[in-house]
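Below you'll find the structure, written out as structure tokens, and then a few comments.
Values below: every heavy atom of this structure, side chains too, minus hydrogens, waters and symmetry copies. This one's a predicted model, so the numbers in the text were calculated from it and none came from an experiment.
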Amino acid sequence: MDDLSTLLRAASDNAPPTSIDLDELITAERRRRRSRWAAVAAGAAVVVTAGISVTLAGSSPSPTVATPPAAAPTTSRTPCVHPTPPDFVKDVTIVPRNGPLPETADVAAERLTAALPSLLPPGARPSPKTKCGRVEFFYEPKADEYRAAAVLGDGSWAVMVRPAAVDSAPACLNPADPSCTRTDLPDGAVAFSDVMDLGLSREQRAVTVFRPDGTVVQVVAAGPPAELPAVADLTRTGTSPRLTLYP
């Protein structure tokens, strides 16, 4: 992603040392993703609650008493704070290879968020910077994709979900890195992985899964190597059937 480093830094309790420039790690990805289209319309779901009055009548004629409806339980919560891309990052618009997405951005983000509890790596937790009690997906219009991030030990973990674009070919996050490998999966999906040494005892592991239904899932973890999920675990998250944009 053009601003993947922003997402990873924002998720971490302790940002990587300033000598590590995560932006340099995604230069190749930035060059590959210059042209995108068909941003998802960010519609808002409206929930209407109907109140029912209960009429109580005695055995003798008496005024009808209407019981006020019980207050509906609140599901409101403090909105999470999400990182915003730096000003130098240009907007991208994705042309979905498999056609328009079937959901609004709000609906898709909430559905994807519901899948996260079973997909988070052990020990992952919400960043205090988000000011809310859960790890959640949000739609990032500048990158035209859905994102979620968490604190993981002394590092961070993030997952990005977007439609496959008509003008892009499956590839690693950093195609030129020697660790880039391709795995063809039984269901027809293709998984690319790469592992990069960030220096100062930190590492970045990334898996990008290109699915037959036209969804691309990218899972990235950065931090001390001993604290990071294995590539196989990142792949397991990336291949979860619940992380799709075509439910």
Please list all pairs meeting disulfide (SG to SG under 2.5 Å) that have one or both residues in residues 178-247, counting only residues at least two apart or in different chains. Cys172-Cys180

Listing request: all salt bridge (Lys or Arg N to Asp or Glu O under 4.0 Å) pairs with a residue in residues 230-240, at least two apart in sequence or in separate chains. Asp233-Arg236

Does anything in residues 208-228 form a salt bridge (Lys or Arg N to Asp or Glu O under 4.0 Å)? List the pairs, not counting sequence neighbours. none

Apply side chain to side chain donor-acceptor pair (under 3.5 Å) to Thr183 and list each qualifying residue two or more places apart in sequence or on a separate chain. none

Residues in salt bridge (Lys or Arg N to Asp or Glu O under 4.0 Å) with Arg205, at least two apart? Glu203

Got a sec, which residues hit side-chain contact (heavy atoms from CB on, under 4.5 Å) with Ala158, two or more places apart in sequence or on another chain? Leu7, Leu8, Ala149, Met160

Could you work out, with side chain to side chain donor-acceptor pair (under 3.5 Å) as the rule, every residue matching Ser179, not counting sequence neighbours? Asp177

Asp187: what forms a side-chain contact (heavy atoms from CB on, under 4.5 Å) with it, not counting sequence neighbours? Leu185, Ala189

Under 6.0 Å between ring centres: does that hold for Tyr146 and Tyr139? yes

Does Asp184 have any side chain to side chain donor-acceptor pair (under 3.5 Å) partners at least two apart in sequence or in another chain, and if so, which? Arg182

By side-chain contact (heavy atoms from CB on, under 4.5 Å), Ala206 pairs with (sequence neighbours left out) Leu173, Asp194, Val220

Which residues pass the side-chain contact (heavy atoms from CB on, under 4.5 Å) test with Thr237, not counting sequence neighbours? Leu119, Trp157, Val219, Leu243

